[in-house]
Amino acid sequence: MPRRPTNISRIARGIVSTIGGIVLEVAVILWFIVLILGSASVALFLWQLVG
Amino acid sequence: MGLKDFRIIIKVIGLLLMLIAIALLVPIAVGLFYPNDDVGMGGSYQTFDDFLFASALAAAVGAACFFSIRKVEDMGIKHAIALTVLFLPVASLFAALPFFSSGISPNFLDAYFESISGWTTTGLTTIAGGGHGMGADLFPHSINMWRHLLQFLGGISVLLISIIVLTQARTGSESITMVASEFSATDRVRPGIMSTAKTLFTLMLLLLFVSAMILMVAGMDPFDAVTHAMSGLATGGFSTHGDSIAHYDNNLAIEIATVIVMIIGSTNFAVHLTVFSGNYRELFKNVESRAFLILVIAFTIGGAMWMSTLGDADTNEALQYSFYHVVSAMTTTGWTIVPGGILPLFFSPLFIFMLTICMLVGGSSASTSGGIRQVRVVLMAKSLWWHIKKSLLPSTIVFPRSYHHIIKKTVTDTRMADIYLFVSIYLLTALLSSAVIMAHSDGAQTYSVESSLFESASALSSTGMSTGITNITAPVGVKIMLMIDMWVGRIDIIPVLLFIASFSRKFR
């Protein structure tokens with residue numbers, strides 16, 4: 001019979017997933033920023049090439 | 001609404017006032033922490049009694065309201081709506097007291113303006129702006145803490161209002177209920193009010209801690225980091241400096257850190273919870289994060305192109321200014337990196353107009369940001385595509401009309417109609433209030449079309465960017481109009497109309 005998770009392991013898992021969530025969110029936002037600035041600078045470069 | 005109906009509203013407002021009385025004690029603690037606050041108009045020993053007085057008054061009035069009313073009927077839909085509408089102006093009245101009594105604000109109207117701007121997480125200010133070394137730079141720490149705490153509490157209360165009250169009030173306009181119920185898609189948020197409130201509060205505190213850490217790592221001092229985390233997370237836009245984020249002299253780390261905080265604040269809180277419960281893909285699949293990404297890219301490119309070719313900024317500068325202000329407007333935060341904070345001195349009318357559109361679009365539903373909200377904008381765009389499909393495909397073909405938000409959701413015609421109703425009322429309000437602002441032009445001061453529209457969109461969407469119209473010398477009419485904009489915009493306008501209509505004999 002599998003043991004039921006104890007309170008401590010539940011709390012630990014909660015903490016790990018929360019920290020993971022935060023780190024991931026910040027990473028994704030940074031990735032968004034890179035994506036935005038990257039595509040914007042490419043567009044600007046092309047724009048200046050044309051003009 | 002009869003007089004009888006007001007009993008429960010007064011009782012609940014009494015309870016909330018007592019909570020505000022507790023919150024008013026926080027700045028006292030901060031003031032004690034900075035005993036040498038001899039900057040500006042008053043030291044901490046002076047604001048000590050201001051906050052104590054305001055707290056005591058709020059507690060006394062709150063207790064009187066709460067305990068004097070014993071017999072109340074059950075909370076109905078119209079009570080919930082009335083509470084939503086009335087809470088903000090009443091709470092702001094007490095929150096404004098310290099600004100006035102400490103002498104920070106020369107008259108009560110400006111203190112009230114500051115307080116409403118705080119509660120609604122707008123960030124427009126008549127007393128705290130003014131450029132480098134002015135305004136908020138001169139305030140004692142306790143006052144600055146109270147301004148930012150106000151925004152933080154405003155952010156939490158608007159989340160609670162939009163998620164609990166408007167979800168329960170099913171008869172409210174369906175488009176509002178829909179935005180509010182975006183939150184209930186996760187099973188983590190249970191329908192119970194207390195547990196929802198607890199989950200939200202914990203999440204906000206956690207995010208506050210994370211945001212403060214990010215800002216501190218970027219180079220802010222601890223007090224600035226905490227206060228800016230409060231206002232950024234609430235997408236409020238107050239700052240402890242008279243020239244907002246421009247105070248940091250284009251420090252790239254701080255600019256990126258503030259952008260992260262703004263985006264965290266304007267993300268749907270149901271998405272936050274989904275990510276924290278392990279579903280990481282949601283961030284990429286969610287209809288609103290995708291919309292945010294696409295819109296920010298489009299507006300950043302547009303703004304930067306204009307600045308770099310027709311303006312005299314170089315490419316990097318154009319990109320930096322365009323990106324920062326587009327994010328700040330789209331998340332409805334309102335921080336700026338323009339010295340002095342008066343945008344038309346630096347930007348062309350075209351970019352100002354683009355920012356107006358960004359502000360009107362706003363952030364995600366069920367977040368602390370304002371505006372029309374991205375989910376509605378996406379659905380409007382999709383509905384055009386659906387209309388084309390319906391018209392050109394054979395009538396026997398049935399296609400799904402759905403979007404992805406945590407789960408796949410389908411859209412009905414009534415829902416679309418409500419969205420269009422909301423958006424037209426929203427835009428009409430923006431136009432009408434900008435007309436009122438324009439009407440205050442006189443020989444000394446003229447209010448142009450684009451700056452009036454910008455300012456009223458800024459107040460309505462709770463952004464707080466300014467073209468300079470909002471200042472201490474502005475006519476009283478303009479200030480009152482902007483206050484009404486902030487108030488009705490924060491609670492999505494329709495509850496105000498419902499509240500007024502509920503007095504009609506037809507709905508008794």
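Chain letters run A, B, ... following the sequence lines, proteins first, then strands; residues in each count from 1.
- Contact detail for L319(B) and A40(A): the closest heavy-atom pair is CD1-CB, 3.5 Å.
- Separation of atoms CD (E255(B)) and CD1 (I33(A)) is listed at 11.0 Å; rounding is to 0.5 Å.
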Evaluation steps, side chain to side chain contact (heavy atoms under 4.5 Å, CB included), between V26(A) and I214(B): CA-CA 10 Å; V26(A) 173; I214(B) 293 175; 3.9 Å; yes
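- Taken from CG in L293(B) to OG in S39(A), the straight-line distance is 7.5 Å, to the nearest 0.5 Å.
- With a 4.5 Å cut-off on side-chain heavy atoms, I36(A) and V326(B) do not count as touching.
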Pair V296(B)-F32(A), side chain to side chain contact (heavy atoms under 4.5 Å, CB included): steps then yes or no: CA-CA 10 Å; V296(B) 171; F32(A) 276 10; over 6 Å; no
Derivation of the side chain to side chain contact (heavy atoms under 4.5 Å, CB included) call for T315(B) and F45(A): CA-CA 9 Å; T315(B) 316; F45(A) 176 71; over 6 Å; no
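- Looking at L37(A), both its backbone and its side chain come within 4.5 Å of chain B, counting heavy atoms on both sides.
- Atom-to-atom distance recorded for H272(B):NE2 and I22(A):CD1 is 10.0 Å, nearest 0.5 angstrom.
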Side chain to side chain contact (heavy atoms under 4.5 Å, CB included) evaluation trace for F284(B) with W31(A): CA-CA 11 Å; F284(B) 301 99; W31(A) 166 240; 4.2 Å; yes
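- Of all heavy-atom pairs between L283(B) and E25(A), the closest is CD1-CG, 4.0 Å.
- For I19(A), no part lies near chain B; criterion is any non-hydrogen pair under 4.5 Å.
- The CD1 atom of I29(A) sits 4.5 Å away from atom CD1 of I264(B), with the distance rounded to the nearest 0.5 Å.
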